[in-house]
2 protein chains.
Amino acid sequence: MTPPNTLTPMKLAILGLLAQHPRSGYDLVKVFSETAMGGFSSSPGAIYPALKSLERAGLIAGKVVNQSTLRPRQIYKLTAQGTQSLKRHLRQPVTRDDVMRNSDGVLLRFAFAGEVLGQDEAIRILEEFAREIESYLPDLKAQLQALPKAAGPYGRHALQHGIDMYRADARWARKTAKELKQQTTTRPPMRISNAPRTRIRKP
Amino acid sequence: MTPPNTLTPMKLAILGLLAQHPRSGYDLVKVFSETAMGGFSSSPGAIYPALKSLERAGLIAGKVVNQSTLRPRQIYKLTAQGTQSLKRHLRQPVTRDDVMRNSDGVLLRFAFAGEVLGQDEAIRILEEFAREIESYLPDLKAQLQALPKAAGPYGRHALQHGIDMYRADARWARKTAKELKQQTTTRPPMRISNAPRTRIRKP
DNA sequence: AGCGTCATGTAATGTGTTACATGATTCG
DNA sequence: CGAATCATGTAACACATTACATGACGCT
């Protein structure tokens with residue numbers, strides 16, 4: 001494991017998307033450019049190197065599809081090791097550090113955990129997220145109180161913005177956890193093994 | 001102007017902090033490490049190079065303070081050009097792109113604009129921010145509607161998170177603009193010229 | 001014949017992160 | 001005296017961004 005267990009946001013996103021179903025690099029480019037996807041602006045210059053790095057690390061494997069046409073296309077899918085690495089990453093607890101400077105990453109974890117590990121893990125992430133925020137909020141309020149009056153209103157307002165955002169985060173997490181629990185259709189997690197049980201229909 | 005007009009978040013933050021009052025590199029390290037400051041984790045390895053780059057670009061000037069002790073300390077302050085560059089940057093309109101992938105930068109702009117350009121500019125930024133968000137929200141809601149049912153609930157919830165966050169952003173911006181307008185103490189902007197009118201008392 | 005899109009990349013560049021290095025000063 | 005803190009940096013590294021390059025395919 002040359003890159004130990006780091007998994008940058010970009011690579012996590014790629015692994016998660018490939019866990020949904022195999023895709024080509026170009027497919028990923030389109031996903032990132034067309035959907036909101038948590039603020040990735042990502043361009044080919046970021047995606048293709050990341051794919052190669054993931055392939056070198058043995059987490060994904062590309063299969064060249066030459067199908068009759070002469071234009072080669074690489075379709076990537078997760079390897080067993082990649083699946084394992086993704087799951088390990090998704091199972092990590094939500095820390096205060098995540099809350100402070102990686103809340104986008106938590107969102108990614110939530111979405112992929114729901115698909116890959118099942119609803120229970122998604123709910124766990126939501127609740128840990130909310131809990132960490134709620135334990136962090138008093139600190140922020142104390143910081144707000146501690147601000148010297150001389151500092152002027154702008155720093156105070158900026159800090160208040162942070163507080164408002166965290167509150168909204170926590171509210172969203174609680175609300176979403178509740179919704180997920182209420183819908184009793186507790187579906188099992190998606191299968192992402194290499195040997196799918198059901199045939200894929202190609203319409 | 002070797003680096004044209006780019007001004008990364010880091011450099012903007014440094015310029016803004018130096019506009020408040022001159023500081024040393026170490027002072028900046030402390031500010032970034034002790035206060036929340038919008039999610040900068042920033043360490044010496046980022047700050048000192050940025051300072052040198054800003055100095056090369058002529059936006060700030062360091063003055064060595066040898067004062068009796070043998071340990072040199074660089075105190076940086078904005079040059080006239082740096083002040084001008086900062087103001088130009090702060091006066092830029094808030095775009096949808098800012099909203100989509102740089103809302104932290106907007107916050108920084110707001111806080112520094114209030115101090116450097118005065119309350120009116122700060123309010124302008126808040127209102128542009130809110131307006132851009134409110135014009136972006138329908139798009140996001142449409143994306144939410146357009147999500148295929150088959151995609152499962154997690155992507156939908158993640159998107160809903162984005163919507164909730166933007167709503168909270170807009171609410172905060174409207175609220176803050178209102179508060180700033182209500183307090184009739186329309187103070188003039190801070191002086192950041194190199195020739196201060198009032199003597200600085202050194203207690 | 002030419003343009004846009006599909007599909008894959010590479011190169012240059014800048015920037016942040018982590019970790020380490022180096023001395024001086026202050027405090028117990 | 002030794003430890004923590006002040007204060008300044010450097011080196012190695014990974015990473016993303018922008019811009020460019022290449023070539024096939026489909027449409028007009």
Side-chain angles (χ1 to χ4, degrees), chain A residues 1-14 22-34 37-57 60 62-76 97 100-102 104-105, chain B residues 1-15 22-34 37-57 62-76 97 100-102 104-105:
Chain A
M1 48 185 96
T2 317
N5 199 12
T6 17
L7 224 45
T8 66
M10 174 87 246
K11 288 182 182 173
L12 171 59
I14 290 178
R23 302 174 198 251
S24 70
Y26 190 69
D27 289 337
L28 292 169
V29 171
K30 275 191 301 180
V31 170
F32 286 124
S33 67
E34 285 170 9
M37 273 306 286
F40 288 100
S41 74
S42 305
S43 42
I47 290 172
Y48 287 105
L51 282 173
K52 274 201 235 165
S53 156
L54 285 171
E55 189 165 34
R56 269 199 311 273
I60 65 175
K63 184 165 285 183
V64 177
V65 179
N66 257 336
Q67 49 169 25
S68 75
T69 147
L70 287 184
R71 149 163 59 129
R73 237 172 85 90
Q74 287 253 53
I75 304 284
Y76 292 95
D97 193 78
M100 287 176 66
R101 27 191 284 215
N102 191 24
D104 283 3
Chain B
M1 48 186 95
T2 317
N5 199 14
T6 16
L7 222 46
T8 65
M10 174 89 247
K11 286 181 181 175
L12 170 59
I14 290 178
L15 283 187
R23 301 174 198 250
S24 70
Y26 190 67
D27 290 336
L28 291 169
V29 171
K30 274 190 303 181
V31 170
F32 285 124
S33 68
E34 287 170 8
M37 274 304 287
F40 288 99
S41 75
S42 304
S43 44
I47 289 172
Y48 287 103
L51 282 172
K52 274 202 234 167
S53 156
L54 286 170
E55 189 165 34
R56 270 199 312 272
K63 185 165 283 183
V64 176
V65 179
N66 256 336
Q67 51 168 21
S68 75
T69 146
L70 287 184
R71 152 162 56 129
R73 236 172 85 90
Q74 287 252 55
I75 304 286
Y76 292 95
D97 193 78
M100 286 176 65
R101 28 192 283 216
N102 191 24
D104 282 5

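Throughout, a chain's letter reflects where its sequence line sits, starting with A, and its residues are numbered from 1. When reading the values below, keep in mind they use all heavy atoms of this one structure, side chains included, and skip hydrogens, waters and symmetry mates.
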Side chain of [X] (C-beta onward), nearest among [options]:
{"X": "A/P49", "options": "D/dG9, D/dC15, C/dT10", "result": "C/dT10"}
{"X": "B/A46", "options": "C/dT15, D/dT18, C/dG16", "result": "C/dG16"}
{"X": "B/S24", "options": "C/dT17, D/dT8, C/dT18", "result": "D/dT8"}
{"X": "A/R73", "options": "C/dA7, C/dT18, D/dG9", "result": "C/dA7"}
{"X": "A/M10", "options": "C/dT18, C/dG16, D/dA16", "result": "D/dA16"}

Please report the distance, rounded to the nearest Å, between [atom1] in [X] and [atom2] in [N].
{"X": "A/F32", "N": "D/dT17", "atom1": "CZ", "atom2": "P", "value": "10 Å"}
{"X": "A/L28", "N": "C/dC6", "atom1": "CG", "atom2": "C1'", "value": "15 Å"}
{"X": "A/K30", "N": "C/dC6", "atom1": "NZ", "atom2": "C1'", "value": "8 Å"}
{"X": "B/I47", "N": "C/dT15", "atom1": "CD1", "atom2": "P", "value": "15 Å"}
{"X": "B/D27", "N": "D/dA7", "atom1": "CG", "atom2": "C1'", "value": "10 Å"}
{"X": "B/N102", "N": "D/dA16", "atom1": "CG", "atom2": "C1'", "value": "15 Å"}
{"X": "A/Y48", "N": "D/dA19", "atom1": "OH", "atom2": "P", "value": "18 Å"}
{"X": "A/R101", "N": "C/dG16", "atom1": "CZ", "atom2": "P", "value": "13 Å"}

Please work out if [X] contacts a base, only the sugar-phosphate, or nothing of the nucleic acid, heavy-atom cut-off 4.0 Å.
{"X": "A/G45", "answer": "base"}
{"X": "B/K52", "answer": "sugar-phosphate"}
{"X": "B/T8", "answer": "sugar-phosphate"}

- Task: Would you check if A/D27 and A/K30 make a side-chain contact, meaning some heavy-atom pair closer than 4.5 Å?
- Result: yes
**Prompt:** Hey, are the side chains of A/Y48 and A/Q74 touching, using non-hydrogen atoms and a 4.5 Å cut-off?
**Reply:** no
Check: Do any side-chain nitrogens or oxygens of A/Y26 fall under 4.0 Å of OP1 or OP2 in C/dT8?
Finding: no
Can you tell me how far apart [atom1] ([X]) and [atom2] ([Y]) are? Round to the nearest 0.5 Å.
{"X": "A/L54", "Y": "A/M10", "atom1": "CG", "atom2": "CE", "answer": "9.0 Å"}
{"X": "B/L28", "Y": "B/I14", "atom1": "CG", "atom2": "CD1", "answer": "6.0 Å"}
{"X": "A/S24", "Y": "A/I75", "atom1": "OG", "atom2": "CD1", "answer": "5.0 Å"}

By nearest-heavy-atom nucleotide on DNA chain D, the more 5' of B/I75 and A/A50 is B/I75
